[in-house]
4 protein chains.
Amino acid sequence: MSTVIKGGTIVTHDLTYKADVLIEGGKIAAIGPSLSGAEVLDATGCYIMPGGIDPHTHLEMPFMGTYSTDNFESGTRAALAGGTTMVIDFALPAPGQGLLDALDMWHNKSGRAHCDYSYHMAITWWGEKVFDDMAKVVDKGITSFKHFLAYKGALMVNDDELYSSFQRVHDLGAIAMVHAENGDVVAEMSARLLAEGNTGPEAHAYSRPTQVEGEATNRAIMIADMAGAPLYVVHTSCEESHEAIRRARQQGKRVWGEPLIQHLTLDESEYFNPDWDHAARRVMSPPFRNKMHQDSLWAGLSAGSLSVVATDHCAFSTEQKRFGVGDFTKIPNGTGGLEDRMPMLWTYGVNTGRITMNEFVATTSTNAAKIFGMYPRKGAVAVGSDADLVVWDPEKEKVITAGAQQSAIDYNVFEGKSVKGLPRFTLSRGHVAVHDGEMRSQEGHGKFVAREPNGAV
Amino acid sequence: MSTVIKGGTIVTHDLTYKADVLIEGGKIAAIGPSLSGAEVLDATGCYIMPGGIDPHTHLEMPFMGTYSTDNFESGTRAALAGGTTMVIDFALPAPGQGLLDALDMWHNKSGRAHCDYSYHMAITWWGEKVFDDMAKVVDKGITSFKHFLAYKGALMVNDDELYSSFQRVHDLGAIAMVHAENGDVVAEMSARLLAEGNTGPEAHAYSRPTQVEGEATNRAIMIADMAGAPLYVVHTSCEESHEAIRRARQQGKRVWGEPLIQHLTLDESEYFNPDWDHAARRVMSPPFRNKMHQDSLWAGLSAGSLSVVATDHCAFSTEQKRFGVGDFTKIPNGTGGLEDRMPMLWTYGVNTGRITMNEFVATTSTNAAKIFGMYPRKGAVAVGSDADLVVWDPEKEKVITAGAQQSAIDYNVFEGKSVKGLPRFTLSRGHVAVHDGEMRSQEGHGKFVAREPNGAV
Amino acid sequence: MSTVIKGGTIVTHDLTYKADVLIEGGKIAAIGPSLSGAEVLDATGCYIMPGGIDPHTHLEMPFMGTYSTDNFESGTRAALAGGTTMVIDFALPAPGQGLLDALDMWHNKSGRAHCDYSYHMAITWWGEKVFDDMAKVVDKGITSFKHFLAYKGALMVNDDELYSSFQRVHDLGAIAMVHAENGDVVAEMSARLLAEGNTGPEAHAYSRPTQVEGEATNRAIMIADMAGAPLYVVHTSCEESHEAIRRARQQGKRVWGEPLIQHLTLDESEYFNPDWDHAARRVMSPPFRNKMHQDSLWAGLSAGSLSVVATDHCAFSTEQKRFGVGDFTKIPNGTGGLEDRMPMLWTYGVNTGRITMNEFVATTSTNAAKIFGMYPRKGAVAVGSDADLVVWDPEKEKVITAGAQQSAIDYNVFEGKSVKGLPRFTLSRGHVAVHDGEMRSQEGHGKFVAREPNGAV
Amino acid sequence: MSTVIKGGTIVTHDLTYKADVLIEGGKIAAIGPSLSGAEVLDATGCYIMPGGIDPHTHLEMPFMGTYSTDNFESGTRAALAGGTTMVIDFALPAPGQGLLDALDMWHNKSGRAHCDYSYHMAITWWGEKVFDDMAKVVDKGITSFKHFLAYKGALMVNDDELYSSFQRVHDLGAIAMVHAENGDVVAEMSARLLAEGNTGPEAHAYSRPTQVEGEATNRAIMIADMAGAPLYVVHTSCEESHEAIRRARQQGKRVWGEPLIQHLTLDESEYFNPDWDHAARRVMSPPFRNKMHQDSLWAGLSAGSLSVVATDHCAFSTEQKRFGVGDFTKIPNGTGGLEDRMPMLWTYGVNTGRITMNEFVATTSTNAAKIFGMYPRKGAVAVGSDADLVVWDPEKEKVITAGAQQSAIDYNVFEGKSVKGLPRFTLSRGHVAVHDGEMRSQEGHGKFVAREPNGAV
Ligand SMILES: [Zn+2]
Ligand SMILES: [Zn+2]
Ligand SMILES: [Zn+2]
Ligand SMILES: [Zn+2]
Ligand SMILES: [Zn+2]
Ligand SMILES: [Zn+2]
Ligand SMILES: [Zn+2]
Ligand SMILES: [Zn+2]
């Protein structure tokens, strides 16, 4: 069956033009004037854009014997509701666990996904088995490897492990990724804060000042440079980190920074809310920053020194957050955002003039597709590409509220924000998952996307 | 009649993939596997790329009662021979002359062009007539306005005129361009050098140190910022100028820098050649720089802080150069380069690993098309785009020599350089202008390209 | 007669230690413990510092047929009241007037000065006579030459004149100075604002955005670099200008920046006061800036990228300011500050921890003495130095008010500010000009200070 | 007995003037014209400067069961021969050893010193005892604490230890010091090089690229900033490290960089000498760099972003160096330089115009005295200061050769270099230790210098 999107304006990362889009067999079959098909979607007044790609989610992530509340079912449903048609999640091996084992565990979780997905593989320990497994993982289409410089005693790797892994990444033509915070200093600061009786959520922010992030970002860049590995820095939240990325890029190093929609639009004042639940729900790492840092992130998006807007979607319920009452270090780190990323970025970015529509597409979709080796299959409006599309109505408005969201948790960190610019239709490989505000997505429709190494971005 | 390019690998500014290209009616009709057409061009082992766009030429430019030797006929023929399928030339009104008059004069010259062309309009004086004419010129598809901060007493405008013109450019949704050298200081330095008996070609370089260029670039950027005009800086030749552009871009300003292929590959030692002719043939403004500045330009291309590689093709014969014997200020400024730009950049950039193939396409073609408002009609390998294409053979080699060139002048500043990477075919709107090294271009085939204002680059 | 300052702590630009100071014949005769002399000044609890040097004043400056209200009598009296023991004023030749003539006019005005003084010579036009006079002026001990890049049609010089003069400055071993604003753009912006009906004092600020200052600062630095002249940039008020100075200094260029106490402590909101008089009294060039720019200036003082805090004291009465009712371009530019510079900088700088006491001494006195060729005669607490000293009481407080000031004008731009840190005694060549709050200065006591060229700062 | 230095020109960090210097009781008693004393030293044609201070030496340093060859006797004799009148050595506690114990060991070694000396205390492990001892060490006048980020498994501390120690340094008003190289990466690279058969001295340089130094410098700065500790970075050898220091200083952070005379004048080509001994004798950490990095260091000295020139004098004989035949990681790290630092810096810095004489004094003496809390007792030519002086003859020349040196080792890394500018006299607290080229220094004359915390540099 064919579908045609008629009457809209196509917006890609570098073009804006009026044309119809014909979809057959889940792929874009034609782009041009006056196309026709069996099903017609009216895009009058709308922009037809590549569906969003969120390359940073943690669905059903194991934590303290339980799991983050949004799983591949509710998480990808939320994604589609907000115009995002693909997520890349993180497979996290336990210490000593083989990478292929971990991959199997993640494949087991993702069967219910409503949209396409892929994985990054985390390197949480080091050894010959990990070294060997990395090649096998790349063969299976997982070409990006995440490293944690924080979470000491858990996920964190040391600098010699980091350097060894980055060299392996280089040899395999893959991409290195890094969560950049100095775990040693964070641990020391956290212990001190607790010892001094600072146990509330605001102490989480005190324990992770911007210097720990700037330092670790610079360190990862230097080590990646020695290893010859391209580097993707997740959740860039502050000027210090952004400065290190800018400096590296200006020297011709292949480094990318990823601000989150949360850091772009929310600030540290959230942690001073007297309601423990309010503050704890916003606990994530890095924490929200002040407005000077926000300005730096927005400038980076328009200047091109920051490349991708993501969510780090890792949704814990209020009940789960309360594990940390009396000890902020036990509050599970993470917030939601999958459904809100694109409307929030459009509202605060495009509607305010900070970024152009083309930059919106680049930072929500195309850049991620290019960096992570799946362009133009994903991230493009082009003949032959997967028909992962969003038909964006710039006049559609709503007020964000947990009551109306797809996510399984009981709150939303953007509660009460008005957004203008929302999907009229979202298509996942041609299937109309969102139809004029109505969810028609199918559990299990999503498929794993194998990605290519040796990209030329 | 249809033409199909078969067996090649398409390389665009952001994609590399194997596909055939079908051309009908001078446009790209289809891209895909196993296409067929009436005429078949074998691209086996080759890259199919958008034809080059050189946005900086001076063909048949009036000078001291004569004209630069390469005109639209020989100049565009040279362009096609080297894989370039479009040029943008500069219409230069005389003092007091209306812009539309000047435009007519340039249209009269361009009738013999072998490939497509457009114009930039120079603002060489200021007044109400110029202000009014600017809107009419934009209506005719000329959406970029050039300003000279050098050539005092001739083309140079003062800062108040510059600011006024930049405001007008902003109002019209056009692009401001600038030749950035401090004309006051150059004039003073030149007079002093002559007074001290420094009359040879090397004094030309002494009279225009990098500071005069860095200063003027920074000044133009600041004034453009106040006026709200996007700014294109022609012939960026040194670190000081590049630094000003980098700094501006990092602040989110819309500024682009254009290194020339000459500055990327030749250096100041040329002026110390004891042969007056040798040195004088290389006299252009800005002059060639030292290797530190070259390194800065190459780094800028790969880091993205510099956007376009051009030629400033303005070819004077040795006889014309000799007007300046005994007084370097009378040596006509300019060199050739149209035929050599792409092979030289490929050889010294792609073959050495300094830039990728995609960056080659971006800087020789696509970026110029985007900046100057004609993308994706030009600068793209896309269905519906003009079939301005080059089929690039990375194994084809030659030694550059004036004896074998299309240009009408009697020398070549790249004489003796070996290049590897040359066109197998060059197509101008589907017409095969270069066929396996043989020139089949047609005088008069080229057409004027009207461009759009209000670009979103 | 001898004087001894007992019981205090000496604070210089690089030392803090307890010692007495013995003064004989107007010079420091001894420094050490337990000194005795005829007159004893009790410095218990106080800091003994070099008297302030304000290298930027305009006393009795000619303007529209009248003069700035504070002359050498009231101005230097105000200086001493605030701990400043020397000023450097600007001799301003009229167009065509010889430099020696202008110097005579300034010498005629300065006879009533209460404290020592010197002059900078302004280069307001260019010609052989100016070229020749410059050497004679240096011989008379005036070794710094000021250039205006603003005030088009009046004081402004063009870039070729600037370059010629800077070369002459280099040859004479003198210092180049510059008022850095792009006069062409200011004139154009001012005309446009008036044409649009913006006639009030706030339009003065609109007509001189930070870009015009940053641009001109960068230009002056580049031209000074080509001429080999050290450069002192007066009234650095914004980040753009500061950035240009930082960049130059980091490259080893001899460039200094001078923030004014007004720009450090007052901001642009002053111009939005609905009282015309309030706003007009604060009209000066450059205008006050926003808090981001203030932060940049304070950081520069502590980082050492900015060198001297001055006042640009040029006091016009409210009546004089009202020449500009209905046309902001006719409001005389200038504010007072001589009496308030040191207490304000101490209060907002030292008391807040932004700068150390030693940095206070460096930026109010010693750096100016070094740069302008009179160290350690001035700016030092050293045996043999002139006994220009201030005994500073860090506990002394007052509220600034025009009613209590020495200045002859009828208002004070710092009206209502509380300061903590004031002179207990101020000594001019050993004479106690301020004695515990009481003015004992002598009209005519001040003498001209000839300065040395070829400094090694 | 009194001594007078007559007929010379005093050069301090900020003054140049003709005067005699009278010395009584080991201190400067008077400065002025026509002084007289019992002993007269003729300084005609010479500069009288503060004696050099080398704040970075390792005399008789324990290593693999032996000691570095130059001890406090030969090392301080070499110092005086070259115009240096004070050294600061590093007390290095063994793992688990108390700081006071280590201090006793160092006091035992220093009894034979010819010139004054002090110590820095190294923090080589962390625990409550170290925490407690730090206060006692400060009470004894040792106010600077060194930390190694390299030498994994030996001296290296981890980031949490570093942060804890820096906080303690802050609380005690002391100075943090850091050897900045990423020890994890160095260890990994070294192992890999050995495994690949790269065992020679040149592999030492390969194992420590500039990135490992730049990274660690940036990390130490960030952590010091969080702890509020001023930071002194020893042996800054490359642009990456210098950039981190510049950036920090520009933000107002109290950070200083120390290039070594070796890195300023020797480059990496030394390691490619086919003579194993030649290369191994130059093995130190960081290794010598290329000329681009040298240029960066020289620019830093004149721009003020680098503060002190030291030697890291740690002299091993060729026999000791040969411990590392077949395994570069076993070559003892270190070179000499104490006798050559000042003549080499004068020759390559002052004589070439890169730095002024005043900057020479600042970087060889005064800055170290200020930073390390002993100014103006040391580092000054001032009444009351210790008479640690050098009378510098700018016309005196020699060729450096191991055969003529004071150092106990059998070679000199500057062998064959011609220097112009040498001591005529060197005085240690008034004692003439070097008299017109003749050594008259006294073993045991040197005394420990206790230093002050809470400096205001
Ligand atoms: Zn993370
Ligand atoms: Zn995450
Ligand atoms: Zn030009
Ligand atoms: Zn041109
Ligand atoms: Zn001024
Ligand atoms: Zn002024
Ligand atoms: Zn070391
Ligand atoms: Zn050392």
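Reminder, nothing fancy here: chain letters follow the sequence lines and each chain counts from 1.
- B:Glu452 CD: 12 or fewer foreign heavy atoms inside a 6.0 Å radius.
- In this structure, B:Lys370 NZ and A:Asn358 CG are separated by 8.5 Å, a value rounded to the nearest 0.5 Å.
- With chain A as the partner, the residue from B:Gly252, B:Ser302, B:Pro376, B:Ala299 showing the most heavy-atom pairs under 4.5 Å is B:Pro376.
- Only the backbone of A:Arg249 comes within contact range of chain B, with heavy atoms under 4.5 Å apart.
- Taking CD of A:Glu243 as the reference point, atom CD of B:Gln250 lies at 9.5 Å (rounded to 0.5 Å).
- Taking CG of B:Asp14 as the reference point, atom OG1 of A:Thr366 lies at 8.5 Å (rounded to 0.5 Å).
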